Protein chains: 2
Amino acid sequence: MSKKTTIYDIAESLGISPATVSRSLNDHPSISEKTKKKVLEAAKETGYRINKFASNLSLQKSNTIGVIVPRLNSDFMSTVLSGIETIANNAGYNLVISQSLELEEKEKFNTKTLFESGVDALLVSLANETMNYDHFSIFTDRKIPLLFFDRVIDLPNCPTIIIDNEAAGYQATEHLIQQGCKHVIHVSSGLNRSVYKLRYAGYRKALKDAGQNFRERVIQVDNFSPPETKKVIDYIKKSEIPIDGIFVSSDSLAVYIIKELRSNGYNVPNDIKVVGFNNDPVAQVITPELSTIEYPGYKMGKLAGQSILSHLNGSINIETADQIILKHRLIIRESSQK
Amino acid sequence: MSKKTTIYDIAESLGISPATVSRSLNDHPSISEKTKKKVLEAAKETGYRINKFASNLSLQKSNTIGVIVPRLNSDFMSTVLSGIETIANNAGYNLVISQSLELEEKEKFNTKTLFESGVDALLVSLANETMNYDHFSIFTDRKIPLLFFDRVIDLPNCPTIIIDNEAAGYQATEHLIQQGCKHVIHVSSGLNRSVYKLRYAGYRKALKDAGQNFRERVIQVDNFSPPETKKVIDYIKKSEIPIDGIFVSSDSLAVYIIKELRSNGYNVPNDIKVVGFNNDPVAQVITPELSTIEYPGYKMGKLAGQSILSHLNGSINIETADQIILKHRLIIRESSQK
DNA sequence: GTAATTTATGTAACCGGTTGCGTAATTGGT
DNA sequence: ACCAATTACGCAACCGGTTACATAAATTAC
């Protein structure tokens with residue numbers, strides 16, 4: 001395999017034209033079986049490999065799908081990505097994945113980079129920081145399929161895949177109230193993204209329906225990493241009214257909170273009950289096991305992949321913007337049971 | 001932005017040649033500042049965007065790095081990927097990520113796909129199943145940089161990034177013995193990959209050095225998912241000699257084992273001490289906290305990215321195969337303390 | 001046996017940048 | 001004012017497939 005062979009090399013060695021070689025390799029109907037066979041053999045012998053650069057240029061498509069996520073290393077997101085990859089891979093598409101790290105600037109940069117690199121479609125879960133969505137217009141203007149999942153925004157002709165976050169927030173809170181909690185607080189990251197805003201809305205609605213709306217209290221953390229736990233614990237310790245329930249918008253933070261509560265002498269669930277979000281694997285291995293909202297990440301990824309593929313195949317009219325809402329489920333475990 | 005503008009459009013509108021436009025856009029030294037300015041302005045006004053397909057074809061490079069990992073959705077791997085992405089993104093490279101799902105066939109397929117799509121370099125962490133490595137020759141034959149990390153194989157001119165798995169296995173086992181364990185078993189996935197083989201070797205060596213080599217026993221699990229826990233628990237229950245120490249090659253499995261042990265009435269660490277591997281976040285939130293080997297995944301990812309970039313930039317001679325060994329560290333927590 | 005079809009292949013333009021080489025234009029030296 | 005050295009830019013080939021259209025060859029029709 002010293003130097004690469006091209007369709008021109010094959011054409012010359014077989015005494016036919018490059019066009020015929022190209023058509024043979026693509027199984028074009030107007031080429032005789034005999035010729036196709038000859039070409040295929042020659043291709044195999046010479047170790048011919050298609051030059052995608054040339055093919056992409058000619059066809060103006062790359063068989064590549066771009067993905068922008070806030071971060072790769074979260075249980076939920078890597079599970080979603082795994083689902084997307086599975087679908088894309090089976091369909092022969094490559095996946096270009098990049099992280100925004102929750103920064104609007106980086107999301108903009110990645111959007112532009114992926115556009116220029118010629119992805120056939122883009123899947124996005126928005127950064128927390130992002131307030132302006134103009135950077136996506138290079139995709140929407142040119143009718144390049146653009147889909148949002150989890151952290152979504154409603155743009156014309158862009159499908160979204162979500163769960164009913166408000167209902168989930170409502171159920172989590174309602175459950176805590178039903179378990180006897182009188183002062184449930186909510187721990188969330190910034191409320192810029194609709195996922196968090198809606199969970200918060202659900203939380204408030206549940207309190208209101210229970211006649212506790214004056215007790216609404218949300219603790220905003222910068223992110224779901226361990227150091228943020230302190231803010232929550234401090235609030236609880238200083239609170240004049242005794243906090244007896246916490247609805248956390250993330251399992252990973254919820255488990256740190258539980259751990260910290262316990263080492264501060266609180267009994268979970270007897271003193272304080274906790275419900276998380278996502279149903280990360282960790283929820284089942286900590287003590288006490290964490291009640292949470294099941295969020296079907298793998299399924300979301302597969303659906304995102306399938307949805308975008310059907311747009312690319314034209315089997316769905318690109319103008320038909322659709323919204324897919326996946327089922328969530330409250331999972332009651334030890335951390336919230338009286 | 002109706003139709004896309006090309007360098008030909010700009011050339012025509014400015015009355016200059018496409019070559020000059022191209023050179024201006026690339027800040028070529030032999031173009032006057034005046035002309036460059038004109039071109040840049042025209043480019044901005046018309047919303048010109050480079051066509052990477054054409055550029056790639058001409059330059060025979062894609063500014064893209066391929067990655068093949070066993071699976072995306074593991075704490076460790078997604079952390080490594082996060083590190084790779086950070087480096088690649090900062091250097092203006094795209095990352096095409098695919099999963100082998102531990103299958104040799106899929107790894108072969110992905111290798112071929114990534115080759116054909118023209119990645120400038122390939123980073124691989126091998127599938128458990130892979131026994132034959134010929135599929136990588138399309139890369140090595142053409143001197144396309146190929147690097148292995150974590151699950152590596154020694155191929156000519158391919159850098160590898162690893163930790164000293166044998167030493168880590170030794171230390172984990174030695175620690176258990178020092179804590180008084182008399183019958184330490186090892187839980188590992190298939191021993192095909194060197195990471196696992198070496199940890200096992202370290203385990204055996206530690207036993208041998210302690211004069212316990214006749215007690216060596218490894219439990220092989222198919223993967224590190226919860227259902228595999230049963231095999232381990234069953235073994236321990238049925239064992240005639242009382243097992244009092246477990247060295248597990250994965251934190252995620254170790255925590256399930258601990259959980260299952262506890263619900264079977266064993267006290268960890270008093271009855272059985274456990275050491276895991278990786279230092280996943282979960283290790284710090286379970287009860288008891290899990291002793292483990294710290295495996296610097298993010299750093300490994302960054303180094304993999306940097307190493308491959310320096311190969312691409314030619315700052316390292318491609319012929320100089322190198323091996324980077326990262327520092328690991330035994331972290332002693334509750335699960336292994338007497 | 002000749003015209004009308006059908007089938008198989010070739011021609012050449014196109015996708016949109018990149019770059020070696022040649023040349024015109026500008027600057028400099030004396 | 002004349003020749004040399006720079007500097008700035010254009011020409012044209014090239015990267016390697018793809019495909020509309022034209023054409024030659026093989027079949028079928030009558």
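Small disclaimer: the values here were computed from a predicted structure and weren't measured.
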query: Does B:S58 or A:A54 map to a spot on DNA chain C nearer the 5' end, using the closest nucleotide for each?
result: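 Here A:A54 is the residue nearer the 5' end.
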
Atom-pair distance ([atom1] on [X]; [atom2] on [N]), nearest Å:
X	N	atom1	atom2	value
A:L57	C:dA13	CG	P	17 Å
A:K36	C:dT7	NZ	P	13 Å
A:N51	C:dC15	CG	C1'	13 Å
A:I10	D:dG16	CD1	P	13 Å
A:I16	C:dT11	CD1	P	12 Å
B:I7	C:dG16	CD1	P	10 Å

message: Looking at B:R193 and B:V152, would you say the former's side chain and the latter's main chain have a donor-acceptor pair under 3.5 Å?
response: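 No, the answer is negative, given that no donor and acceptor are paired below the 3.5 Å cut-off.
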
Using only side-chain N and O atoms of [X], determine if any of them is under 4.0 Å from OP1 or OP2 of [N].
X	N	result
A:S55	D:dT18	yes
A:T20	C:dG10	yes
A:Y8	D:dT18	no
A:T35	C:dT9	yes
A:S17	C:dG10	yes
A:S22	D:dT18	yes

- request: Decide yes or no for A:Y8 and A:V21: does some side-chain heavy atom of the first lie under 4.5 Å from some side-chain heavy atom of the second?
  value: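 Not touching, per the 4.5 Å side-chain cut-off.
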
field: Beyond-backbone contact of A:R71 with A:L101, side-chain heavy atoms, under 4.5 angstrom
entry: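 Answer yes - side chains close enough.
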
- prompt: Can a salt bridge be assigned to the pair B:K52 and A:E116 using a cut-off of 4.0 Å between side-chain N and carboxylate O?
  reply: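 No, no charged N to carboxylate O under 4.0 Å.
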
message: Can you identify which nucleotide, out of C:dG17, C:dG20, C:dT11, has its nearest atom closest to the A:R23 side chain?
response: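 The listed nucleotide nearest to A:R23's side chain is C:dT11.
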
query: Given that B:Q60 and B:A19 both sit by DNA chain D, which one's nearest nucleotide is further toward the 5' end?
result: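 Here B:A19 is the residue nearer the 5' end.
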
Need one value for [X]: base, sugar-phosphate or nothing, where a base atom within 4.0 Å counts as base even if backbone is also close, heavy atoms only.
X	value
A:L59	sugar-phosphate
B:N26	sugar-phosphate
B:S32	sugar-phosphate
B:L25	nothing

- prompt: What are the two closest non-hydrogen atoms of A:L146 and A:F136, and how far apart are they?
  reply: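 Where A:L146 meets A:F136 most closely, the heavy atoms are CD2-CB, 3.7 Å.
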
